[in-house]
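Okay, so here's the structure we're looking at.
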Amino acid sequence: MDNPTPKTLRGRHFFANPGPTNIPDSILRAIDRPTLDFNDPDFMPIYRDVFAGIKRVVGTKHHLFMYTGSGHAAWEATLTNLLSPGETILVVESGYFSEEWGKMAAAHGVEVQTVAADWRHGVEMPRIREALEADRGHVIKAVCVVHNETATGLMIPPAEVRAAIDAAKHPALFLVDTISSLASLEFRMDDWGIDAVVGGSQKGLMNPTGMSFTAVSDKGFAAHKKAKLGRYYFDWSVMLTRKPHESFVGTVPINAFYGLREAVRLLEEEGMDGVVARHHRLAEGVRRAIAVWAGNNGPQLFCTNPARVSDSVTAVWMPEGHDADALRRTARTRYNVSLGGGLGKLSGHVFRIGHMGDLNEPMVLGTLAAIEMALRVNGVPHGKGGVEAAMAYFAG
Ligand code: PLP
């Protein structure tokens, strides 16, 4: 991606990355306000609205801690608040982000066991159950799952993982990364028996990057009281001493709260069911286009398991000998469309279409049309008529 976007490109920059995502104008307007003392009484109702709103979006009545930091901060906060040095976690492999979360845990002196899985197909639930049943001494303290693997466009159903943990009668905590699923895919923390949920501001919540959080069950909070990994800025108990906010050991990011409050308002105006249905519809349109392109030995859906395809991001596997980054470069420099690249070992082999957040059918069609043109420009074999298939689906 060496060459910069030509300065002469006009029109709106089409942003089709799987996070950060498009920020709605009303959120930009909400953030664009003079600052306030975070101890000002006028700020507290906004602060409380956001906490209550995020809890509704996550589907929990329990604890919520927020941090100024991206998703990695919330990963780190969650691990350090729940674990002690030398303890073991079970990471369910899904792709780049499950690997990264495991690496972070290892860097903190946590033992990491992995339930291996094919990145294109996703984990088989019996493998999780077997790994937990084999752990007779209950050494494993937490099972970590990325609900929506942004790198591969693969979704792992948390309710099924919960069922596997229960079937094994294992007491491990259940930790879920919802960074690219929250406010896009159905998510119900309490109903699904999740102990800690990690989320971020820059995807389904349609805000700038830089805010993240952990929602914690009572069981999770009890585990926190015994957990001994080093932490201070992220320490939930320290946070609770910081009255009146009970989160944020340092300065509270006022303007981020304006933006998040507007996000919750937008989501609830549409209705969470409507949000989920819209994401499904847009994702399905994208998949219809790719199904057509896949003809003639063209690009294919990376996820080969129809039950696990993600409704917020689609990874597309390029045909042998064709560079995904060259295609992305054409999309960006010629059509002003930004696509996600392949991460880790998928770099150059995969491009990713983000379809989460503030998005509608014409935006998706514009992106698909730019990709179809870039396929032609780059001489990538493909079936013709992908955009037409998406249009037919959207019009149906
Ligand atoms: N987890 C998932 C599923 C992600 O998609 C990302 C980022 O894209 C992260 C974790 C890391 O979050 P951040 O980049 O905000 O630190």
Side-chain angles (χ1 to χ4, degrees), residues 15-23 54 58 65-80 89 91-108 112 114 117 119 122-123 142-158 161 175-185 187 189 194 196-215 233-234 253 256 259-260 263 279 283 302-303 308-315 338-344 346-347 350-357:
F15 200 71
N17 281 59
T21 61
N22 294 288
I23 305 176
I54 299 287
V58 173
F65 299 96
M66 287 203 183
Y67 328 101
T68 314
S70 75
H72 279 78
W75 266 353
E76 195 141 44
T78 306
L79 294 172
T80 56
I89 61 170
V91 173
V92 175
E93 182 176 4
S94 50
Y96 176 84
F97 287 105
S98 69
E99 278 187 348
E100 282 289 300
W101 205 6
K103 280 188 205 164
M104 180 186 273
H108 282 285
V112 178
T114 303
W119 286 19
V123 68
V143 177
C144 299
V145 171
V146 176
H147 181 199
N148 189 74
E149 175 54 73
T150 325
T152 56
L154 180 120
M155 185 275 301
I156 298 180
V161 179
L175 277 47
V176 177
D177 169 328
T178 183
I179 289 178
S180 64
S181 60
L182 192 69
S184 303
L185 278 53
F187 198 82
M189 171 173 169
I194 303 172
V197 167
V198 180
S201 55
Q202 79 274 25
K203 304 210 190 225
L205 291 176
M206 307 171 285
N207 264 261
T209 311
M211 286 285 284
S212 57
F213 55 84
T214 315
Y233 178 69
F234 288 132
L260 286 172
H279 280 81
F302 183 76
C303 180
R308 296 281 177 84
V309 286
S310 160
D311 278 345
S312 65
V313 51
T314 299
S338 176
L339 301 166
L343 296 176
L346 299 182
S347 174
V350 149
F351 68 90
R352 294 175 301 145
I353 307 169
H355 33 82
M356 68 182 96

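Both counts, for ligands and for their atoms, begin at 1 and track the order of listing. This structure is a prediction, so every number in the text was calculated from the model and none was measured.
For the 3.5 Å distance criterion, the side chains of Trp119 and Glu93 qualify, holding a donor opposite an acceptor.
Of the listed residues (Val146, Asp177, Val176, Val123), just one forms a side chain to side chain contact (heavy atoms under 4.5 Å, CB included) with Ile156, and that residue is Val123.
For ligand 1, the protein residues placed under 4.0 Å by at least one non-hydrogen atom are Ser70, Gly71, His72, Trp75, Phe97, Val146, Asn148, Thr150, Asp177, Ile179, Gln202, Lys203.
Scanning both residues, Thr209 and Ser70, for their nearest heavy atoms gives CG2-CB, 4.0 Å.
The six-membered or imidazole ring of Tyr67 lies near that of Phe234, with a centre-to-centre distance under 6.0 Å.
Residues satisfying the side-chain contact (heavy atoms from CB on, under 4.5 Å) criterion with Ala196, sequence neighbours excluded, are Thr78, Leu82, Leu175, Thr214.
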Handout entry: Verdict with supporting geometry, Ser181 and Ser184, side-chain hydrogen bond (donor to acceptor under 3.5 Å, both in side chains)
Key = CA-CA 5 Å; Ser181 60; Ser184 303; over 6 Å; no

